[in-house]
Novice: 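Handing you a structure now.
We name chains A, B, ... by the order of the sequence lines, and we start the count at 1 in each one. In this text the structure is predicted, and so the values were computed from the model without any measurement.
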2 protein chains.
Amino acid sequence: MPSTKTQMSKETLLPKLAAHVLQHGLGGASLRPLAKAAETSDRMLLYHFGNKEALIRELLAYIAEVYSTALDMALGDSRPKTRKECFERVLAQGRQPAMQPFMVLWWEIVAGSARGLPGYGEAAGEMITKQLEWLQSQMPADDPDPEGGARYLLTLLEGTLMLGTVGHKQTALEGLLASSLASSLAGEPKGD
Amino acid sequence: MPSTKTQMSKETLLPKLAAHVLQHGLGGASLRPLAKAAETSDRMLLYHFGNKEALIRELLAYIAEVYSTALDMALGDSRPKTRKECFERVLAQGRQPAMQPFMVLWWEIVAGSARGLPGYGEAAGEMITKQLEWLQSQMPADDPDPEGGARYLLTLLEGTLMLGTVGHKQTALEGLLASSLASSLAGEPKGD
DNA sequence: AAGGGATTGTAGCAACTGCTACATTATTGG
DNA sequence: CCAATAATGTAGCAGTTGCTACAATCCCTT
């Protein structure tokens, strides 16, 4: 009978904890439900992580890491030809149904970051940094300013995503169309 | 003349509850601390609001209302001359120290909205709608497209604010340099 | 095989959660 | 003034919270 009592470590626990948190949120996460999701006991979680705060901190770092490698694997096979195409590609990726749980968690991380909760700010900063790198690598090959353009698109993207989550998706999209940004989105050098 | 003096009602409770929530957050808010902040008992809060969910819902609606009237009173005495000036004015307002507690709460509302918590989405939507109206009323008088421009600036603004809360204020500002606002932003000293 | 550290189970504590039952006081209409 | 209703206080319940004490078991080294 392979009723093997698998030895547990942080490394085996974290993926299950992350899965639970992605589904049920960070704020309401308490030890016993987390332990159940990881097929352990609260006793064990505290044994491995010390206390809840450290657990959340490590969990957030792990999630940021997972997000980072996910972005690495999502590197587009082909470069977009325009900034607009680049923006749309990234926006579409952020709105994939599979991405939804992560997006929901993301805003919780931002909120915790704003409130100064331990670990939140670091994780949020890492994830944004990574996304910026990724975005820059996805910029059109002939873009006159890939670095600044990526930063600009990131700002626009996050604003668009946020408005989307509060029911103003249309507002953001119409804003993009109705501005001189249209040319900027097209990646054409400014002649203004 | 109606009743001479109501001892305690939702109307007298809500401001104190809002103050407490602005300081300590929504997620961790529980009845007894809320009651203490409002100089009552948990018993009374439930008497007036029915249950906690309804309390939070009404509290969020009240906060959205307060925010709305605050924006009304913050109507600029003079119209900005450019979109850039308009953007900077609103951004500066959002970064005032007095605005900080509200900003922190705002991201919690966005997070709750993303998670579908009752009342959060409605409050967030109202607040964004109001901010959009306000922004539109603050657009330059000669703007070719005040409606679309306001939507664009709002998207940019929210992205900028969010990046600021996760430690990427500089990223957003540098991104703006590469945007359609660049012409007016160029040559300005960077501040961080 | 024995010792010893690493790992895990069981039980429980004190504080807190939303909420309720019951009793009491205050206010007001008849 | 008295009764009805609104408003408040007291006490507590059942469940959850993070965390701990204590003991048992595992596995590796000697």
Novice: Could you list the donor-acceptor pairs under 3.5 angstrom formed between side-chain atoms of residues 122-134 of chain B and any protein atom two or more places apart in sequence or on another chain?
Specialist:
unit_1  : atom_1 : unit_2  : atom_2 : d
E122(B) : OE1    : G119(B) : N      : 3.4
T129(B) : OG1    : H168(A) : NE2    : 3.1
T129(B) : OG1    : G125(B) : O      : 2.9
K130(B) : NZ     : S68(B)  : OG     : 3.4
K130(B) : NZ     : D72(B)  : OD1    : 3.1
K130(B) : NZ     : D72(B)  : OD2    : 3.3
Q131(B) : OE1    : Y67(B)  : OH     : 3.3
W134(B) : NE1    : L71(B)  : O      : 3.1

Novice: Quick one: hydrophobic cluster around M73(B), which other residues, with the 4.5 Å side-chain cut-off, linked directly or via members?
Specialist: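 ILVMFWY cluster around M73(B) holds nothing else.
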Novice: Suppose the criterion is salt bridge (charged side-chain N to carboxylate O under 4.0 Å, His left out): which pairs have a residue in residues 97-121 of chain A, not counting sequence neighbours?
Specialist: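 Sorted pair list: E108(A)-R115(B), R115(A)-E108(B).
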Novice: What residues form a side-chain hydrogen bond (donor to acceptor under 3.5 Å, both in side chains) with E147(B), not counting sequence neighbours?
Specialist: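 Partners of E147(B) by the side-chain hydrogen bond (donor to acceptor under 3.5 Å, both in side chains) criterion, ordered by chain and then number, come out as R151(B).
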Novice: Roughly how many Å is it from CD in E39(A) to P in dT8(C), rounded to a whole number?
Specialist: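 Rounded to whole Å, this separation is 13 Å.
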Novice: Could you identify which residues cluster with V104(A), counting Ile, Leu, Val, Met, Phe, Trp and Tyr as linked when any side-chain heavy atoms lie under 4.5 Å apart, either directly or through a chain of such contacts?
Specialist: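 Via sub-4.5 Å side-chain contacts, V104(A) links to none.
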Novice: Going by heavy atoms closer than 4.0 Å, what residues in residues 44-59 of chain A are next to DNA chain C?
Specialist: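 M44(A), Y47(A), H48(A), in order of number.
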Novice: Tell me whether R79(B) contacts the main-chain N or O of S137(B) through its side chain, where contact means a donor paired with an acceptor under 3.5 Å.
Specialist: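 Present.
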Novice: Hey, can you pull the residues of residues 13-36 of chain A with a non-hydrogen atom under 4.0 angstrom from DNA chain D?
Specialist: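 Only A29(A), S30(A), L31(A), R32(A), P33(A) qualify.
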Novice: Please list every donor-acceptor pair under 3.5 Å in which a side-chain atom of residues 52-60 of chain B meets a protein atom from a residue at least two apart or in another chain.
Specialist:
unit_1 : atom_1 : unit_2 : atom_2 : d
K52(B) : NZ     : A29(B) : O      : 2.7
E53(B) : OE2    : R57(B) : NH2    : 2.7
E58(B) : OE2    : K10(B) : NZ     : 3.0

Novice: Figure out the CZ/C1' separation between R43(B) and dA6(D), and round it to whole Å.
Specialist: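 To the nearest whole Å, that distance equals 11 Å.
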Novice: Through direct or indirect side-chain contacts below 4.5 angstrom among Ile, Leu, Val, Met, Phe, Trp and Tyr, which residues connect to M44(A)?
Specialist: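 Its cluster partners, ordered by chain and number, are Y47(A).
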